[in-house]
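Worksheet: one structure, shown below.
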Amino acid sequence: MSQARVLPAFDGEVLVPGDPGYDEARAVWNGAIDRRPRYVVRCAGADDVQRAVRVAREHGLTLGVRGGGHSAAGWAVPDDGLMIDLSGMREVAVDPAARTAQVQGGALLGSLDAATQPFGLATTAGIVSHTGIGGLALGGGVGWLARQVGLTCDNVCGFEVVTAEGEVVRATADENPDLFWGLRGGGGNFGVVTRFDLTLHDVGTQALVAEVDLDPEHALDALRTWVARASDAPRPATLYADLVAGGALTLGFSWVGDPAGAEGLVAELDRLGTPLARRVEPRSYLELQSQSDVPTAHGFRRYAKSHYVRGLTDAALEAFLAHVDARVGAASLVAYGGAIADVDPDATAFVHRDVEFEYDVGARWEDPADDEAVVASCRRLASGLEPWSTGVYVNALADEGAAGVRRAYGDGTYARLRQVKAAWDPENVFRLNQNIPPA
């Protein structure tokens with residue numbers, strides 16, 4: 001008798017080891033994750049999610065939740081547990097008059113953008129179109145629109161949630177407001193979100209990317225100027241600096257809106273020095289949103305380290321420019337500020353509103369024999385920026401454990417999240433995540 005027969009009937013599909021499609025279902029973005037759930041429940045709707053949560057509790061099974069499958073730590077895949085797979089729940093319904101979208105919990109960002117852009121509408125939705133809306137929004141949600149309209153979590157006006165008790169509840173500013181607060185930045189600790197209600201913005205369909213490549217050995221002055229410019233740059237612009245090991249320093253920005261508005265900033269970019277290469281490329285917003293899809297493709301082994309930083313001195317910038325390890329592909333600084341900083345730090349569980357830049361260093365590779373060396377290189381390079389760190393983005397955490405989670409929230413927000421956890425998941429059913437234990 002199939003293992004699946006011990007489960008109740010689901011509208012969706014139940015996969016067990018040996019079934020066609022099982023190995024595909026358990027594979028996630030980070031190719032280093034190789035775990036084998038006892039059951040994969042491909043849910044067709046919120047009713048299936050309810051049943052799956054109740055089954056996991058009844059049988060004492062560790063529960064994992066897969067939205068887009070991008071978690072580098074592979075939290076979605078529980079060894080010998082039950083995986084709730086939301087990939088069958090990807091509908092996006094747009095109300096252009098109300099400027100809202102109802103988005104199922106398994107939807108990918110590309111589906112959201114494709115549904116909203118025919119109306120010239122969008123909301124902050126990451127920078128890789130095959131990312132899932134669930135993990136992105138629950139951890140905060142950064143993207144090319146964040147300086148203009150706020151984080152993804154700032155643009156969620158309601159959640160439909162299956163709780164640890166297997167019940168469906170709504171969370172809004174007026175209904176279950178403690179849960180609403182915690183879901184906006186607190187990750188997957190409080191339930192399975194089966195629908196997000198999002199506020200959309202009239203941003204049009206145009207974008208622009210402007211970049212110059214400089215010799216990193218002679219680029220400290222240019223980097224200093226560009227970093228200083230980021231804090232008061234026009235809000236349609238997100239400034240960044242990318243450094244490839246053994247390659248060029250790229251200074252640039254992405255602009256969402258009429259490209260004509262970016263001409264002044266392009267001129268400032270051109271004054272930074274004589275470039276090795278220069279690119280000023282108008283794009284559609286959809287092209288901007290998918291430009292990183294290929295280098296971030298599924299299947300490679302992955303590791304990254306991240307800091308939120310501010311007050312970058314010359315010493316910090318020199319540490320950034322010292323990124324020379326060929327095992328680690330690239331390091332980046334991406335500007336925050338703008339609408340992100342407009343929100344009171346206590347208004348959501350995303351507390352780092354005064355961040356100037358997010359620093360990331362990451363690698364992808366294929367040979368498991370290289371795991372230890374690559375991870376050590378990422379950690380070593382990231383340690384160079386640690387003196388200027390003010391915290392970390394919870395969605396960028398890998399294996400930092402409880403100390404990393406506390407660093408992502410700070411003591412006050414962490415304590416408040418533990419109270420919300422105690423109210424909604426006192427037995428820590430949802431623990432495969434950047435976990436916040438109940439108070």
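Computed over heavy atoms, backbone and side chain alike; hydrogens, waters and symmetry mates excluded.
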Has Asp202 got more than 12 heavy atoms of other residues, nucleotides or ligands less than 6.0 Å from its CG? yes
ring-ring contact (aromatic ring centres under 6.0 Å, His included) between Phe357 and Tyr336, intermediate numbers included: CA-CA 6 Å; Phe357 289 91; Tyr336 275 44; 8.7 Å; no
Gln117 side chain vs Gly204 backbone, donor-acceptor pair below 3.5 Å: yes
Just distance, no hydrogens or angles: give the donor-acceptor pairs under 3.5 Å from side chains in residues 375-387, sequence neighbours left out.
from: Ser377; atom 1: OG; to: Asp325; atom 2: OD2; distance (Å): 2.8
from: Ser377; atom 1: OG; to: Arg327; atom 2: NE; distance (Å): 3.1
from: Ser377; atom 1: OG; to: Arg327; atom 2: NH2; distance (Å): 3.2
from: Ser377; atom 1: OG; to: Ala373; atom 2: O; distance (Å): 3.0
from: Arg379; atom 1: NE; to: Tyr303; atom 2: OH; distance (Å): 3.1
from: Arg379; atom 1: NH2; to: Asp399; atom 2: OD2; distance (Å): 2.8
from: Arg380; atom 1: NH2; to: Asp325; atom 2: OD2; distance (Å): 2.8
from: Ser383; atom 1: OG; to: Arg380; atom 2: O; distance (Å): 2.5

Within the 4.5 Å heavy-atom criterion, are Phe119 and Arg99 side-chain neighbours or not? no
Got a donor-acceptor contact below 3.5 angstrom from the Arg36 side chain to the Arg26 backbone? no
Measure across Gly247 and Pro216 and return the closest heavy-atom pair with its distance rounded to 0.1 Å. O-CG, 3.3 Å
Please check this pair: side chain of Trp29 against backbone of Thr296, looking for a donor-acceptor N/O pair closer than 3.5 Å. yes
Indicate every side-chain donor-acceptor pair of residues 348-355 with a distance under 3.5 Å to a residue at least two apart or in another chain.
from: Thr348; atom 1: OG1; to: Phe350; atom 2: N; distance (Å): 3.1
from: Thr348; atom 1: OG1; to: Phe350; atom 2: O; distance (Å): 3.2
from: Thr348; atom 1: OG1; to: Arg353; atom 2: NH2; distance (Å): 3.0
from: His352; atom 1: NE2; to: Ala408; atom 2: O; distance (Å): 2.9
from: Arg353; atom 1: NE; to: Phe350; atom 2: O; distance (Å): 3.3
from: Arg353; atom 1: NH1; to: Asp154; atom 2: OD2; distance (Å): 2.9
from: Arg353; atom 1: NH1; to: Ile340; atom 2: O; distance (Å): 3.1
from: Arg353; atom 1: NH2; to: Asp154; atom 2: OD1; distance (Å): 2.7
from: Asp354; atom 1: OD2; to: Arg310; atom 2: NE; distance (Å): 3.4
from: Asp354; atom 1: OD2; to: Arg310; atom 2: NH2; distance (Å): 3.2

Interatomic spacing from OG1 in Thr250 to CG in Leu243 - rounded to 0.5 Å: 8.5 Å
When you compare the side chains of Thr194 and Glu160, does any donor N or O come within less than 3.5 Å of an acceptor on the partner? yes
Are Thr172 and Asp174 close enough that a side-chain donor and a side-chain acceptor fall under 3.5 Å? no
Please check: side-chain N/O of Arg90 versus main-chain N/O of Gly106, any donor-acceptor pairing under 3.5 Å? yes
Determine yes or no for a side-chain-to-main-chain donor-acceptor pair under 3.5 angstrom, with Thr124 supplying the side chain and Gly150 the backbone. yes
Expected output: side-chain Asn176 to main-chain Leu179 donor-acceptor under 3.5 Å: no
Would you say the side-chain atoms of Gln434 pair up with the backbone N or O of Asn395, donor to acceptor, closer than 3.5 Å? no
Side chain to side chain contact (heavy atoms under 4.5 Å, CB included) between Thr62 and Asp80, worked out: CA-CA 8 Å; Thr62 303; Asp80 199 36; over 6 Å; no
All heavy atoms of Ala241 vs all of Leu223, minimum pair found to be CB-CD1, 3.8 Å
Step by step, work out the side-chain hydrogen bond (donor to acceptor under 3.5 Å, both in side chains) result for Asn189 and Trp424. CA-CA 9 Å; Asn189 276 281; Trp424 290 95; over 6 Å; no
Trace of the salt bridge (Lys or Arg N to Asp or Glu O under 4.0 Å) decision for Glu400 with Arg407: CA-CA 10 Å; Glu400 288 86 346; Arg407 185 169 163 246; 5.7 Å; no
Measure from the side-chain N and O atoms of Asp213 to the backbone N and O of Ala248, and report whether any donor-acceptor pair falls under 3.5 Å. no
Minimal heavy-atom distance between Tyr359 and Ala331, with the atoms involved, is CE1-CB, 4.1 Å
Given the rule in the salt bridge (Lys or Arg N to Asp or Glu O under 4.0 Å) test, do Glu281 and Arg279 qualify, once you have shown the distances and angles that lead to the verdict? CA-CA 6 Å; Glu281 301 172 356; Arg279 295 171 294 278; 5.0 Å; no
Side chain to side chain contact (heavy atoms under 4.5 Å, CB included) between Leu251 and Arg229, worked out: CA-CA 12 Å; Leu251 301 179; Arg229 182 67 176 99; over 6 Å; no
Could you check, using the six-membered ring where one of them is a Trp, whether Phe253 and Tyr240 have ring centers closer than 6.0 angstrom? no
Name the residue from Val65, Leu82, Thr163, Ile84 that meets the side-chain contact (heavy atoms from CB on, under 4.5 Å) definition with Val53. Ile84
Would you confirm whether Arg418, through its side chain, and Pro437, through its main-chain N or O, come within 3.5 Å as a donor-acceptor pair? yes
Any donor-acceptor pair under 3.5 Å linking the side chain of Arg35 with the backbone of Gly74? yes
Between Asp346 and Trp181, do the side chains contain a donor N or O and an acceptor N or O under 3.5 Å apart? no
If you draw a 6.0 Å radius around CD in Glu91, do more than 12 non-hydrogen atoms from other residues or ligands fall strictly inside? no
